[in-house]
Amino acid sequence: MGRIITEAELRSPDTVGLARWLVGKALVRTRRGGSTVHVITEVEAYDSERDLACHASRGRTPRTQTLYAAGGVWYVYLVYGMHHMLNIVTGPQDYPAAVLIRGAGSVTGPGRLTRALSIGRSLNGAHASPASGLHLEDVGLKVGAADIVATARIGVDYAGPLWARKPWRFVLSGPGRGEGGSGRPAPQ
DNA sequence: ACAAGGATACCT
DNA sequence: GGTATCCTTGTC
């Protein structure tokens, strides 16, 4: 068992720094009394209303309400009518930012991850804690700067080149992990 | 290369 | 109430 990551740790306004920090931490799913641990391999930062790729760029809406919570709750939404995306809300209260978890354990791809862990919108707004069935742990894995590759975020061309090109996607690139891609050719 | 799929946001 | 769009994936 690792050390449970606290909400206080997720309330930094440095969304990009938090995203990078979360690579190599673990996503722990607790169901039916048992837990599974999945090392996070791929994340993306979405940083507040100024970031045109962030849902909060359109301001507060019923959907984005969760993003304005203080860091430490899950933001889960449905995209393309069929895939749930899992994000951990970060930053202080009323600072709408989150880190999208795109891959963990042997699972690559955000839609595949939520399907594999049976994560749906019932977790939207829930606290990242063992009681909610999904939380984060520091399992002591050492991840150096050389183990992380930064690239542009996936699927956000609509935000325009300024935001689409920000190198806010972080992929664990350790031994035996290949490029740690999303199952698609890498962008650029 | 592209359809599937449903919620969302924004328009009339 | 209509519709363009979407932080994707699997199959074509």
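Worth saying up front: this structure is predicted, and the values here are computed from it rather than measured. Just the heavy atoms: all of them, side chains too, but no hydrogens, waters or symmetry mates, feed the values below.
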For this session: To the nearest Å, give me how far apart OH (A:Tyr46) and P (C:dC6) are.
Result: 12 Å
Exercise. Distance check: side-chain N/O of A:Tyr80 vs OP1/OP2 of B:dG6, anything under 4.0 Å?
Worked result: no
For this session: Answer whether the closest heavy-atom distance between the side chains of A:Leu123 and A:Leu86 falls below 4.5 Å.
Result: no
Exercise. Between atom CZ in A:Arg115 and atom P in C:dT8, what is the gap in whole Å?
Worked result: 15 Å
Problem set entry | For A:His55, the option from A:Tyr68, A:Tyr46, A:Tyr77 that meets ring-ring contact (aromatic ring centres under 6.0 Å, His included) | A:Tyr77
Problem set entry | Length of the line joining A:Met82:CE and C:dT11:P, which is rounded to integer Å | 13 Å
For this session: Please determine if a side-chain N or O atom of A:Arg63 lies less than 4.0 Å away from the OP1 or OP2 oxygen of C:dC6.
Result: no
For this session: Please determine, for the side chain of A:Tyr158, which listed nucleotide (C:dC6, B:dG6, B:dA9) has the closest atom?
Result: C:dC6
Exercise. For the pair made of CG in A:Asn87 and P in C:dT8, what is the distance, rounded to whole Å?
Worked result: 11 Å
Problem set entry | For atom CZ of A:Phe170 and atom P of C:dC7, their distance in whole Å | 19 Å
Problem set entry | Phosphate contact (C:dC7 OP1 or OP2) by A:His55 side-chain N/O below 4.0 Å | yes
Exercise. Without hydrogens or angle criteria, can the side chains of A:Tyr95 and A:Gln93 be said to hold a donor-acceptor pair below 3.5 Å?
Worked result: no
Exercise. Please give, in whole Å, the distance from B:dA9 P to A:Gln65 CD?
Worked result: 11 Å
For this session: Quick one: look up who C:dC7 pairs with, Watson-Crick or G-U, both distances under 3.5 Å, and put none if it's unpaired.
Result: none
For this session: Could you please name the option among C:dC7, B:dA9, B:dA7 that lies closest to any side-chain atom of A:Arg121?
Result: B:dA7
For this session: Please determine if a side-chain N or O atom of A:Arg58 lies less than 4.0 Å away from the OP1 or OP2 oxygen of C:dT5.
Result: no
Exercise. To the nearest angstrom, how far is A:Arg153 atom CZ from C:dC6 atom P?
Worked result: 14 Å
For this session: Check whether any side-chain heavy atom of A:Leu78 lies under 4.5 Å from a side-chain heavy atom of A:Arg63, and answer yes or no.
Result: no
For this session: Can you figure out which of B:dA7, C:dG10, C:dT8 approaches the side chain of A:Val79 most closely?
Result: C:dT8
Exercise. Taking atom types as modelled and ignoring hydrogens, do the side chains of A:Thr36 and A:Arg29 form a donor-acceptor contact shorter than 3.5 angstrom?
Worked result: no
Exercise. Nearest-Å distance, CZ (A:Arg60) to P (B:dA9)?
Worked result: 14 Å
For this session: Please state whether the phosphate of C:dT8, meaning OP1 or OP2, lies under 4.0 angstrom from any side-chain nitrogen or oxygen of A:Arg102.
Result: yes
